[in-house]
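Report on the following structure.
All values below come from the heavy atoms of this structure, side chains included, with hydrogens, waters and symmetry mates left out.
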Amino acid sequence: MDQTAQQPEDFLGWPNAQGFADQEETTVPTPLEIHGRIPSYVNCALYRTGPGSYTVPLTKKPGGGEFKIYHWFDGFAQHHKFDITAPSADFPDGKVVYRSKHAATGLKKRIDDLNGSPNNPSFGYRDPCKNKFQKFFTKFERSSPDDPSTANVSVTVNPNFPSSLMSGDSGELLLYAKTDANVLMQLNKETLEPEQVSTWTKLYAESHEHHDSKDEEAAKFAFQNPLDGPLSASHSCFDAGKEFNFTMKFGRQPTVTLFSIDSTRTFEIYATVPIERPAYLHSFFLSKSYIVLCLWQADFTFGGLSFLWNRNTLDSINKTWNPARKTLWYVVPRDGSARSDPSKIKVFESDPFFAFHTINTYEQDDDIYLSIAQCDTHSFLYGLALDSIKSDTATSSFLPDAPYYARWKLPSVSKTGGFTSTGKSDPAARGTAILDARSDKREANIELPTLNPAVAFKREHFVYGIGTDGVSSFFDRVLKINTQTMQAIYWTQHGCTPSEPLFFADPQGEKEDDGVLLTVVLDGFKKQSELVILDARDLSVVCRAVVPGNKAVGFGFHGAISPR
């Protein structure tokens with residue numbers, strides 16, 4: 001990668017601003033230039049999603065101007081697909097074909113029509129032009145069911161929704177994108193065009209359309225939808241052909257309802273858990289026997305009603321870190337017993353922390369072990385504002401706030417309490433979560449973590465992700481952590497910013513790290529992106545596929561691999 005043409009205004013000489021710029025679409029499938037050789041077992045589609053633009057020209061506003069996004073999480077959706085083919089007679093080094101599609105075009109048009117007032121829930125944007133009465137009477141869900149492009153859904157992507165659900169016409173697996181709101185977006189698997197917007201609430205209602213009652217109107221009136229909360233997790237968990245998630249409901253007694261859905265669209269409700277306070281939760285844990293909800297500290301004020309009022313996350317979270325506020329771990333059995341007996345729900349406490357991403361969960365005897373990318377406080381949420389992470393506006397590194405690997409132990413689960421049989425909280429019966437291991441924040445901080453999927457629900461030895469050495473304003477390396485020794489190795493190249501690495505296992509491999517990592521990297525000097533394939537054993541470069549025409553792929557959030 002060329003390191004010429006360094007821009008002196010870039011923080012520490014590491015340019016990354018192009019990754020946060022407005023990107024072009026690549027709607028025509030485009031072959032990438034291959035350097036190296038794709039491994040013979042890598043045949044897959046890599047889907048990625050995240051922001052693709054941050055501004056909207058205001059064509060109808062007197063004087064013009066533009067609407068701007070101020071937080072990374074609020075960028076307008078763009079979806080990407082890399083079709084990766086192993087070497088063949090026609091392509092001896094393999095082949096990669098790339099395409100992308102902007103998705104929130106209807107939302108952009110609405111913003112233009114409203115002269116820069118978006119009118120939709122967001123993560124960090126606050127609209128000072130709306131008065132309190134207008135806010136109060138604005139519906140939470142602002143996307144149009146007739147135009148899915150009015151929704152902005154681009155945090156995670158699942159090409160096998162849910163787990164193995166087939167479309168009715170073609171028998172192909174469905175492609176869905178998710179976010180932290182209770183909103184789901186179906187995408188076309190080839191063109192990436194948004195096709196249908198839905199919610200867990202709607203899917204559950206559709207699965208219960210046929211009532212036993214002869215009085216259909218009375219049956220509809222009596223139907224209570226347990227999944228009507230406004231928030232959900234971007235990250236579902238998967239096991240045994242089922243997709244697991246939750247919805248969160250606000251109010252005087254906030255609750256979280258844990259559920260699963262299978263390929264027949266059959267839902268199973270495991271429990272509706274009364275929680276002490278609603279919090280911003282991006283993910284949760286799943287083991288073979290339990291669903292574990294970790295209520296870390298990112299508390300919505302006023303029982304979560306502040307979110308409905310403000311219509312954005314950061315303005316609704318208590319910004320003051322409370323060192324006395326315990327992290328609460330709610331453990332719900334997967335056998336369904338907690339539906340009728342709340343005493344089956346166990347509760348543990350630990351010292352406070354914040355997190356975005358869980359990593360793995362496994363059971364050993366009567367104990368549960370849970371690994372996570374953990375932060376000391378929730379300041380990382382605010383540190384991801386665009387001006388703080390773009391190299392041409394940043395003034396510091398976020399290294400002091402960076403997350404690190406942590407493994408927690410919930411001991412003697414069957415002997416622990418938390419709720420009575422009547423559903424009352426019993427703080428005296430709670431257990432204590434134990435910090436079993438952690439990595440050094442400087443040497444082995446990690447975000448967007450991943451592992452070999454084959455070791456899910458088992459004790460993992462290796463975890464992969466991206467991190468920072470403090471040499472840029474954003475992430476600057478891919479790392480591999482040995483979770484037994486807490487030692488790490490890295491791949492890094494000055495001016496080259498990686499994305500979340502995803503593990504593709506060698507089917508002939510015998511070791512946990514036999515495979516490769518797929519990561520999209522921006523060469524900040526060239527302002528050009530590459531799909532980089534790294535050997536998962538030593539993080540050496542196996543192959544690079546370069547996007548032609550000096551095009552950048554915007555810094556996205558998450559991706560998923562669909563093997564062929």
- Message: So, using side chain to side chain contact (heavy atoms under 4.5 Å, CB included) as the criterion, who are the partners of V541 when residues are at least two apart?
- Response: W491, V532, L534, R544
- Return yes if some donor-acceptor pair links the side-chain N/O of Y464 with the main-chain N/O of L502 below 3.5 Å, else return no. no
- Task: Could you list all the salt bridge (charged side-chain N to carboxylate O under 4.0 Å, His left out) pairs where at least one residue sits in residues 33-52, not counting sequence neighbours?
- Result: R48-E500
- Note on the structure: Heavy-atom nearest pair, K95 first then I38, reads N-CD1, 3.6 Å
- Item | Whether R477 side chain and P498 backbone form a donor-acceptor pair below 3.5 Å | no
- Quick one: which residue pairs count as a ring pair (Phe, Tyr, Trp, His ring centres under 6.0 Å) with a foot in residues 382-404, not counting sequence neighbours? H378-Y382, F380-F398, F398-F475
- Find the distance between NE2 (H102) and NE2 (H79) and round it off to the nearest 0.5 Å. 11.0 Å
- Task: Using the side chain to side chain contact (heavy atoms under 4.5 Å, CB included) rule, take I561 and F503 through it: C-alpha gap first, then chi angles, then the decisive distance, then the call.
- Result: CA-CA 9 Å; I561 294 172; F503 192 98; over 6 Å; no
- Query: Nearest 0.5 Å, what's the CH2-OG distance between W14 and S391?
  - Reply: 11.0 Å
- Which atom pair, heavy atoms only, marks the closest approach of N43 to A86? OD1-N, 3.0 Å
- Item | Non-hydrogen side-chain atoms of P548 and T30 separated by less than 4.5 Å | yes
- Query: Cut-off 3.5 Å, side chains only: do Y47 and H80 have a donor facing an acceptor?
  - Reply: no
- Quick one: does E460's side chain have a donor or acceptor within less than 3.5 Å of a partner on L451's backbone? no
- Query: Can you list every salt bridge (charged side-chain N to carboxylate O under 4.0 Å, His left out) pair that touches residues 149-164, not counting sequence neighbours?
  - Reply: none
- In sequence, state the C-alpha distance, the side-chain angles, and the governing distance for Y405 and S371, and then conclude on side chain to side chain contact (heavy atoms under 4.5 Å, CB included). CA-CA 7 Å; Y405 173 92; S371 52; 3.5 Å; yes
- Message: As a quick check of understanding, evaluate ring pair (Phe, Tyr, Trp, His ring centres under 6.0 Å) for F244 and F246, giving each step before the final call.
- Response: CA-CA 7 Å; F244 294 77; F246 67 79; over 10 Å; no
- Query: Atom OG1 in T49, atom OH in Y176: separation rounded to 0.5 Å?
  - Reply: 15.0 Å
- Query: Between K178 and E243, is there a salt bridge with N-O shorter than 4.0 Å?
  - Reply: yes
- Between the side chains of D262 and T264, does any donor sit under 3.5 Å from an acceptor? yes
With a cut-off of 3.5 Å and sequence neighbours excluded, list every side-chain donor-acceptor pair involving residues 59-66.
{"unit_1": "T59", "atom_1": "OG1", "unit_2": "D112", "atom_2": "OD1", "d": "3.3"}
{"unit_1": "T59", "atom_1": "OG1", "unit_2": "D112", "atom_2": "OD2", "d": "2.6"}
{"unit_1": "K60", "atom_1": "NZ", "unit_2": "D113", "atom_2": "OD1", "d": "2.4"}

- Query: Can you list every side-chain hydrogen bond (donor to acceptor under 3.5 Å, both in side chains) pair that touches residues 443-455, not counting sequence neighbours?
  - Reply: H357-E447
- With sequence neighbours excluded, residues passing side chain to side chain contact (heavy atoms under 4.5 Å, CB included) with A560: V157, P159
- Going from OG on S397 to CG on L399, what distance comes out if it is rounded to the nearest 0.5 angstrom? 5.0 Å
- Item | Pairing residues for K101 by the salt bridge (Lys or Arg N to Asp or Glu O under 4.0 Å) criterion, not counting sequence neighbours | E25, E193
- Item | Donor-acceptor pair between N482 and Q487 side chains, under 3.5 angstrom | no
- Query: Can a salt bridge be assigned to the pair R564 and D83 using a cut-off of 4.0 Å between side-chain N and carboxylate O?
  - Reply: yes
- Message: Here's a test for you: under ring-ring contact (aromatic ring centres under 6.0 Å, His included), which of Y54, F123, Y280 qualifies with F73?
- Response: F123
- Message: A side-chain contact here means heavy atoms from C-beta on lying under 4.5 Å apart; do N16 and I389 qualify?
- Response: no
- Query: If we ignore angles and hydrogens, is there a donor and acceptor under 3.5 Å between the side chains of H558 and H235?
  - Reply: yes
- Query: So does K551 have more than 12 non-hydrogen atoms from other groups sitting under 6.0 Å from NZ?
  - Reply: yes
- Message: D180: which residues meet the salt bridge (Lys or Arg N to Asp or Glu O under 4.0 Å) condition with it, sequence neighbours left out?
- Response: none
- Side chains of K81 and L192 in contact at under 4.5 Å (non-hydrogen atoms): yes
- Side-chain contact, heavy-atom cut-off 4.5 Å: F525 with P15? yes
- Student check: side-chain heavy atoms of L175 and Q186 closer than 4.5 Å: no
- CZ/R537: more than 12 non-hydrogen atoms of other groups inside 6.0 Å: no
- Would you indicate whether the side-chain heavy atoms of K109 and V56 approach each other to under 4.5 Å? no
- Hey, are the side chains of R110 and T150 touching, using non-hydrogen atoms and a 4.5 Å cut-off? yes
- Task: Please test S236 against N158 for side chain to side chain contact (heavy atoms under 4.5 Å, CB included), starting from the C-alpha separation and ending with a verdict.
- Result: CA-CA 9 Å; S236 293; N158 176 11; over 6 Å; no
- Message: To the nearest 0.5 Å, what is the distance between OG on S540 and CG on D535?
- Response: 4.5 Å
- salt bridge (Lys or Arg N to Asp or Glu O under 4.0 Å) against R442, all qualifying residues, sequence neighbours excluded: D469
- Query: If you round to the nearest 0.5 Å, how far is CZ of F11 from OG1 of T393?
  - Reply: 11.0 Å
- Message: Given P501, which partner from the list L518, L479, L517, L539 fulfils the side-chain contact (heavy atoms from CB on, under 4.5 Å) test?
- Response: L517
- Short side-chain donor-acceptor distance under 3.5 Å, Q528 and D523: no
- Message: Tell me if a side-chain donor or acceptor on H494 pairs with a main-chain N or O of V471 at a distance below 3.5 Å.
- Response: no
- Check whether the side chains of K108 and S53 place a donor and an acceptor atom closer than 3.5 Å, and report yes or no. yes
- Would you call D513 and K480 a salt bridge, taking side-chain N to carboxylate O under 4.0 Å as the test? yes
- Pair T492, D476: side-chain N/O donor-acceptor within cut-off below 3.5 Å: no
- What residues form a side chain to side chain contact (heavy atoms under 4.5 Å, CB included) with T247, not counting sequence neighbours? N182, W200, L227, T257, F259
- Task: Mind checking side chain to side chain contact (heavy atoms under 4.5 Å, CB included) for P194 and listing every partner two or more places apart, or none if nothing turns up?
- Result: A103, P148, S149, M185, L187
- Task: Indicate yes or no: at least one non-hydrogen side-chain atom of L522 is less than 4.5 angstrom from one of F555.
- Result: yes
- Query: side chain to side chain contact (heavy atoms under 4.5 Å, CB included) between F504 and C44: does it pass, once the steps are laid out?
  - Reply: CA-CA 9 Å; F504 194 102; C44 64; 3.6 Å; yes
